[in-house]
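Have a look at the structure below before the remarks.
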Amino acid sequence: MSDKFFFKGRQPARLDHTNHGFNTKSNQKLGSKKFPLTLQVVSEQRKQEVEALVNEANLFANISVDDSTDAVESIEELTAVLNKIKPITFEKTPERNSPCSCGSGKKFKKCCG
């Protein structure tokens, strides 16, 4: 009988998934000193406007001006960081035996519940 179908000993450990190109410790926050935003604008006046937006949001950016006629403004990184969706939080419903939130002094179950 062939022994190639039977398990012999411990299997070798699997390769770590970082060897396949995944960065498990990706702590790259766009707009930080280490990873500044890369923005391109078409005029010096627009550069000042964008700098004001960047400073207001406490971010860091490398802003370049392209004066050529077919230049295209690219500030997608900035708009993505500024329009980041914030998580929705809900107020916790009071428990039955906790004091009522309306201020009556009664238990929630006897007042508003």
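Here the structure is a predicted model, which is why all the values come from computation and not from measurement. The basis for the numbers below is simple: all heavy atoms, side chains too, and nothing from hydrogens, waters or symmetry mates.
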Distance col, row Leu39:CG vs Ser74:OG, nearest 0.5 angstrom, shows 7.0 Å
Give me each pair satisfying salt bridge (Lys or Arg N to Asp or Glu O under 4.0 Å) with a member in residues 31-48, each pair once, sequence neighbours excluded. Arg46-Glu49, Arg46-Glu73
Starting from Leu78, can I reach Val65 by hopping between I/L/V/M/F/W/Y residues whose side chains sit under 4.5 Å apart? yes
Taken to the nearest 0.5 Å, the spacing of Leu37 CG from Ser32 OG works out to 8.5 Å
Output the rest of the hydrophobic cluster of Val42: all Ile, Leu, Val, Met, Phe, Trp and Tyr residues reachable through side-chain heavy-atom contacts under 4.5 Å, sorted by chain and number. none
Show me the donor-acceptor pairs within less than 3.5 Å that the side chains of residues 88-99 make with the rest of the protein, sequence neighbours left out.
residue : atom : partner : partner atom : Å
Asn97   : OD1  : Lys109  : NZ           : 3.1
Ser98   : OG   : Glu95   : N            : 3.3
Ser98   : OG   : Glu95   : O            : 2.8

Quiz: residues 51-63 side-chain donor-acceptor pairs under 3.5 angstrom, not counting sequence neighbours:
residue : atom : partner : partner atom : Å
Asn55   : ND2  : Glu51   : O            : 3.2

Residues at least two apart in sequence or cross-chain that pass side-chain contact (heavy atoms from CB on, under 4.5 Å) with Thr38, listed by chain then number, are Glu77
side-chain hydrogen bond (donor to acceptor under 3.5 Å, both in side chains) against Gln48, all qualifying residues, sequence neighbours excluded: none
When rounded to the nearest 0.5 Å, the distance separating OG1 of Thr79 from CD1 of Ile75 is 6.0 Å
